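A note on names: the letters A, B, ... follow the listed sequences, proteins ahead of strands, and every chain is numbered from 1. Fair warning: this is a prediction, and the values are worked out from it, not measured in the lab.
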Protein chains: 2
Amino acid sequence: MGTDIPTPPWRKQRRAGPVRQPLTQEVIVATAVRVLDGEGLEAVSMRRVAQELGTGAASLYAHVSGKEELRELMLDAVFAEVELPEVDPSRWQEQLKELAREVRRVYTSHRDIAKVSLGLIPTGPNLLAVAEVQLALMRAGGVPPSIAGLAVDTFGMYLDADAIEDTIYVGRTPPGEDPWEHFQERFEQIRAFMKALPVDRYPHIVGMVDDLTGGSGDDRFEFGLEILIRGIASYVPDADADP
Amino acid sequence: MGTDIPTPPWRKQRRAGPVRQPLTQEVIVATAVRVLDGEGLEAVSMRRVAQELGTGAASLYAHVSGKEELRELMLDAVFAEVELPEVDPSRWQEQLKELAREVRRVYTSHRDIAKVSLGLIPTGPNLLAVAEVQLALMRAGGVPPSIAGLAVDTFGMYLDADAIEDTIYVGRTPPGEDPWEHFQERFEQIRAFMKALPVDRYPHIVGMVDDLTGGSGDDRFEFGLEILIRGIASYVPDADADP
DNA sequence: TTTTATAGACGAACGACGTTCGTGTCAAGT
DNA sequence: ACTTGACACGAACGTCGTTCGTCTATAAAA
């Protein structure tokens, strides 16, 4: 072996701390989701994720092509939490509804992740799995293929849009404030604003403020869901749409 | 009058060019919409708009509170182009559809402006005007107030989501390339990708690639629109939903 | 008319962003 | 023992939204 001299002091220490867990795509995505849950989608920047990992932003680019890809990977990772049902043809409509509620549950438990989904053709394995079950359910219920093909699209659009709508003011709550309180405050402002509108120009809006602001998020979701399923079911040949 | 001496040369010229049109909120919003139409929503930055106006970004803040407000103002300005129908109670369903198509026309003629709308409670005069007509039509058709209140929300969500979905790849076309060509190319990639999927895991998707990618944007829109209107109409008491 | 007040325009600067480049370092292959 | 290649990472570039202090041109007051 060579002479065992001490490392020259001008050759600076290789590392301050111990070597972190080796960077992989999985830990990057998992960390990004953690930041998402804690601070919202806007806060998920390359730098922020890297910081959480104790490294620099540039290090991420070896495992992820960029921010866009990271966001898609986050979406797919989140969709892994969606519990998929065993297809029971006799309950296809109810199962479709349950699946929708399940997706909504996962969406709303991850802040504004739904923003990533809208305007994105699903390619991740978990996203595809959900689409697969949707198609299976509709085909089992006798929905024609062409209709089912359109319906998955519409279905996804609805889920995305609803989840985004749900997170409007939650996402904009200033840090440190109670999101629910902030939401209620804003909501009351909107009500007051609408009531103060000129009655001659907006008679229906002014007269229906309570109806417009009445329903909770769940009511709105169930309303649209009901309409959607009924509409899809109405395309099943030789069967009554509504019981 | 004072002595007509020439301006001292050390007092530098007040202005290089002639005085621009005085900055107002209107011209700022109009300019922003122009940038939107030409380069997409992403390109609409404070600096970019200011540059177009021949000034600096800071100058805009005297007329607009920030980027968020500018985007809302842009949305409302665009909605001014929506032509509103005279309410004819006997044709309320058809008129609701026509209104939806009209909104879609305006949306798609302004790139990805729809992204601004989703997750935003409408407060601008033109946005409210559209909501007002929607409510008027539904009430004229006998839709109960509580249902109509929910439906405007769902209706808006649908229009927003559809418009966004429409502009996925158009918005991401690299500058200088033909958007349509780029779209077709991407579309073919997706088809090939889906066909190459493992059949045992995604049997329906693989078997229905043509159905999933078959419908045009217009088909998808009309499909969802039909379902939506039918669903709303089904809540009209003492009347058959479908003729 | 002269002075003062004020609204608005604007350059510079701050901090944060996504991404690229060049360099450094370690471990496996030869 | 030497080479090679993958990857970590600091620094830098150009962009973003927004704020600050200053300056000017006009309107109001004297």
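- The interatomic distance linking E69(A) (CD) with dG18(C) (C1') rounds to 15 Å, in whole Å.
- Here A57(A) lies in heavy-atom contact (under 4.0 Å) with a base.
- Between H63(A) and the phosphate of dA8(D), there is a side-chain N or O to OP1/OP2 separation shorter than 4.0 Å.
- Of the candidates dG17(D), dA8(D), dT19(C), dT19(C) carries the atom nearest the M46(A) side chain, counting heavy atoms from C-beta on.
- Around CD of E26(A), the count of heavy atoms belonging to other residues, nucleotides or ligands within 6.0 Å does not exceed 12.
- Summarising the geometry, the separation between OH on Y61(B) and P on dC10(C) is reported as 15 Å, rounded to the nearest angstrom.
- Rounded to whole Å, atom P of dT25(C) lies 19 Å from atom CG of L23(A).
- Rounded to whole angstrom, the span from the CD atom of E68(B) across to the P atom of dC16(D) amounts to 17 Å.
- When the C1' atom of dG17(D) is taken as reference, atom CD1 of I28(B) falls 15 Å away, rounded to whole Å.
- Between the P atom of dA16(C) and the NZ atom of K67(A) lies a distance of 15 Å, rounded to the nearest Å.
- The separation between L60(B) atom CG and dA9(C) atom P is 9 Å, rounded to whole Å.
- Phosphate contact (OP1/OP2 of dC10(C), side-chain N/O of S59(B), threshold under 4.0 Å): present.
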Derivation of the side chain to side chain contact (heavy atoms under 4.5 Å, CB included) call for I113(B) and M74(B): CA-CA 8 Å; I113(B) 185 66; M74(B) 287 169 65; 4.3 Å; yes
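- Along DNA chain C, the nucleotide closest to A43(A) and the one closest to A58(A) are compared, and the more 5′ of them pairs with A43(A).
- Atom CD of Q51(B) is separated from atom C1' of dT15(D) by 12 Å (rounded to the nearest Å).
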Can you list the steps and then say if R71(A) with V64(A) is a side chain to side chain contact (heavy atoms under 4.5 Å, CB included)? CA-CA 10 Å; R71(A) 285 162 64 118; V64(A) 155; over 6 Å; no
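- At least one donor-acceptor pair under 3.5 Å links the side chain of E132(B) to the backbone N or O of H204(A).
- Taking every side-chain heavy atom of R47(A) into account, dT19(C) is the closest of dA9(C), dT19(C), dT18(D).
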Given the rule in the side chain to side chain contact (heavy atoms under 4.5 Å, CB included) test, do I168(B) and L120(A) qualify, once you have shown the distances and angles that lead to the verdict? CA-CA 7 Å; I168(B) 305 183; L120(A) 191 83; 6.0 Å; no
